[in-house]
Amino acid sequence: MESNGQYIVECSRNVVINLFECFSQLVDIEEDIRSLQLDSAAEENNGVVNLEDGKLEEVEEVDKMEEDSKEEVQKMSQPVHPEPKVKEKDVSAAEDIQSHEETEGTKKRHLNVVFIGHVDAGKSTTGGQILFLSGQVDDRTIQKYEREAKEKSRESWYMAYIMDTNEEERVKGKTVEVGRAHFETETTRFTILDAPGHKSYVPNMISGASQADIGVLVISARKGEFETGYEKGGQTREHVMLAKTLGVTKLLIVVNKMDDHTVAWSKERYNEIESKMIPFLKSSGYNVKKDVQFLPISGLMGANMKTRMDKSICPWWNGPCLFEALDAIEVPQRDPKGPFRMPIIDKFKDMGTVVMGKIECGSVHEGDSLLVMPNKAQVKVVAIYCDENKVRHAGPGENVRVRISGIEEEDIISGFVLSSIAKPIAAVTEFFAQLQILELLENAIFTAGYKAVLHIHSVVEECEIVELLQQIDPKTKKAMKKKVLFVKNGAVVVCRVQVSNLICIEKFSELAQLGRFTLRTEGKTVAVGKVTDLPTVSGSA
């Protein structure tokens, strides 16, 4: 039995070996046939192709593709002499994309709009509604915010969640940081700056307003709310005053919550608010006829915002809607060819050092060399981003993020200025200024030695009034002859101001955006002013 088993195994092994040999012979025969076909095709094919040899034609095509691919690999492996056609095509395509980006960025004007006003006037809700109406937020997101607001028993806050993104703001219903968002109309690209209304966050509001071209002052028409914001100590008054000081020359005053049951689109209530606001706006320095416009809205319902008011709801209103009013505002053009100035409001790391800010003067291009002042670090512009889009250059008035090389993120602080090398911004520890005293704290005397917190563009720095030089007569606008030792509320005085660290500023007469400032102490704005002169020997070498 054992010998029979061995015999069967041996036979099986022989069969397998024979089969393998047969298979290899078949493969060899197939290769011989293929080589003969190729040889005969090479001899016969003098430009004429035999249509019957379909398989032969396929073989030729495959071989040709293999040869081409080998040539391509060889070319790619050689560092020099790339194929010129491909290079030209790639470059032109890149140029097309870049030029498209440039035309997209330049065909519409750009404006920064700051939303200001007393706490709970509806600034964030109005900003959120604008984004929803302009298509920046979809229905699904709105439904999500509605659910979140309902869970917090704050059903009417859901629109504000679009602008108020952090949990602290949503829980308290108060804006803390300056919210930032973008939307477009047919003629203009807007950046919304949603400033905090609460008095504790006025420094953040100053930061937002200092970047703005135009202001939207949101006033609540609800009974009692307008009065709270407008009376002494209310943020409506302080925000108007700060906006004017910070260079917001055009103001849209939107009377919000007109749909509230205490108002019900009442013309009498609207007129009452307008009549109370106009004298105060005039006293703050606004030309009410040229620079101020009133209009009624409902931020929560979106009434009179993107489209004009329905006559069945508000028959007495014949004016524009909010979008039309924003589009119609004219602001003075800035100098795109002036020395580059961009105060840095924020910085972070993202494949290098990235700084954020608003270009106040001049233009910036990819590849430019600039200075970070006051530490005089020379940097190179690697990339520029405007409204999330990468662009090759940006001009004055644009909010941009600029990726730079040559400096570490930790060596930059808010208040530094990205500046041109040819004409760098002055870096000083003291300057001369004309101040208007607004309202000092009780028992405070404004004299040499007075200390306060200086807010100028994105700089926040402690300062001291070193010397009072002369008092200005408010009627004649000329200097009084008598020596001045101290001044009271309402006085206008020329003085010398000192700070402990180098700050980058300009004369108001040369670049107003970097030459106007406010003085605050103990959470209150006590004076506004403008830089009249800088020391002859400055740190801007």
Side-chain angles (χ1 to χ4, degrees), residues 90-110 112 180 182 189 191 207 210-211 213 333-427 457-459 502-506 510-511 513-514 539-541:
D90 287 348
V91 169
S92 64
E95 284 174 356
D96 285 347
I97 292 164
Q98 286 165 347
S99 63
H100 174 69
E101 284 174 348
E102 286 169 28
T103 52
E104 280 294 310
T106 53
K107 69 181 179 184
K108 288 186 178 182
R109 66 172 184 159
H110 176 259
N112 296 296
R180 187 184 293 268
H182 311 284
R189 291 182 301 118
T191 298
S207 166
S210 66
Q211 302 162 50
D213 301 301
Q333 293 294 310
R334 301 179 190 221
D335 183 9
K337 294 183 179 176
F340 185 72
R341 302 282 186 266
M342 188 190 95
I344 295 168
I345 60 167
D346 202 1
K347 49 57 184 287
F348 55 90
K349 278 186 179 176
D350 180 16
M351 291 165 50
T353 302
V354 179
V355 292
M356 285 174 62
K358 178 187 172 189
I359 300 170
E360 297 292 2
C361 184
S363 302
V364 63
H365 297 75
E366 262 184 28
D368 280 358
S369 291
L370 299 169
L371 283 179
V372 174
M373 293 294 285
N375 54 5
K376 301 177 188 172
Q378 188 163 332
V379 297
K380 188 171 183 181
V381 175
V382 178
I384 306 162
Y385 297 89
C386 181
D387 294 0
E388 310 303 323
N389 301 316
K390 188 175 180 184
V391 294
R392 289 186 66 193
H393 64 83
E398 292 283 4
N399 287 309
V400 292
R401 286 175 292 129
V402 183
R403 184 176 290 121
I404 51 177
S405 62
I407 193 169
E408 291 301 315
E409 177 250 353
E410 53 264 25
D411 296 327
I412 301 169
I413 59 172
S414 293
F416 280 15
V417 176
L418 210 52
S419 165
S420 65
I421 296 174
K423 193 179 177 185
I425 190 169
H457 61 84
S458 51
V459 170
L502 279 171
I503 60 169
C504 299
I505 56 175
E506 294 271 19
E510 290 179 6
L511 186 58
Q513 289 81 8
L514 303 187
S540 62

N/O donor-acceptor pair under 3.5 Å between Thr353 side chain and Ile407 backbone: yes
Taking the side chain as everything from C-beta on, heavy atoms only, tell me whether Lys390 gets closer than 4.5 Å to Glu366. yes
Roughly how far, to the nearest 0.5 Å, is the NE2 atom of His457 from the CZ atom of Phe416? 11.0 Å
Side-chain (Asn399) to main-chain (Cys386) donor-acceptor, under 3.5 angstrom: no
Kindly determine whether Asp368 and Lys380 satisfy salt bridge (charged side-chain N to carboxylate O under 4.0 Å, His left out), including the steps that lead there. CA-CA 6 Å; Asp368 280 358; Lys380 188 171 183 181; over 6 Å; no
For the CD atom of Glu410 and the NZ atom of Lys347, what is their distance to the nearest 0.5 Å? 7.5 Å
Arg403 vs Met351 side-chain heavy atoms within contact, under 4.5 Å: yes
Specify the closest pair of heavy atoms between Ala394 and Ile384, including all atoms of both residues, with the distance to one decimal. CB-CG2, 4.2 Å
Set out, in order, the CA-CA distance, both residues' side-chain angles and the distance that settles side chain to side chain contact (heavy atoms under 4.5 Å, CB included) for His365 and Val381, then state yes or no. CA-CA 7 Å; His365 297 75; Val381 175; over 6 Å; no
Would you say the side chain of Ile359 lies within less than 4.5 Å of the side chain of Phe340, judging by non-hydrogen atoms? yes
Strictly below 4.0 Å, N to O, side chains only: are Arg109 and Glu398 in salt-bridge contact? no
Check the pair Leu514, Ile425 against side chain to side chain contact (heavy atoms under 4.5 Å, CB included), reporting the backbone distance first and the verdict last. CA-CA 10 Å; Leu514 303 187; Ile425 190 169; 3.7 Å; yes
Hey, could you give me the CD/CD1 distance between Gln378 and Ile404, rounded to the nearest 0.5 Å? 12.0 Å
Under a 4.5 Å cut-off applied to non-hydrogen side-chain atoms, are Val459 and Cys504 in contact? no
Begin with the C-alpha distance, continue with both residues' side-chain angles, and end with the deciding distance and a verdict on side chain to side chain donor-acceptor pair (under 3.5 Å) for Ser419 and Arg341. CA-CA 5 Å; Ser419 165; Arg341 302 282 186 266; 3.2 Å; yes
To the closest 0.5 Å, what do you measure between SG (Cys361) and CD (Gln513)? 8.5 Å
Hey, is Asp213 close enough to Lys358 for a salt bridge, meaning N to O under 4.0 Å? yes
What's the separation between atom OG in Ser414 and atom CD1 in Ile344, rounded to the nearest 0.5 Å? 8.0 Å
Using a 4.5 Å cut-off on heavy atoms from C-beta on, say whether the side chain of Val402 contacts that of Val354. no
Can a side-chain donor-acceptor contact be found between Thr191 and His182 if the only test is distance below 3.5 angstrom? yes
Hey, mind stepping through Ile412 and Val355 against side chain to side chain contact (heavy atoms under 4.5 Å, CB included) and telling me if it holds? CA-CA 9 Å; Ile412 301 169; Val355 292; 3.7 Å; yes
To the nearest 0.5 angstrom, please state how far the CE atom of Met342 sits from the OG atom of Ser458. 9.0 Å
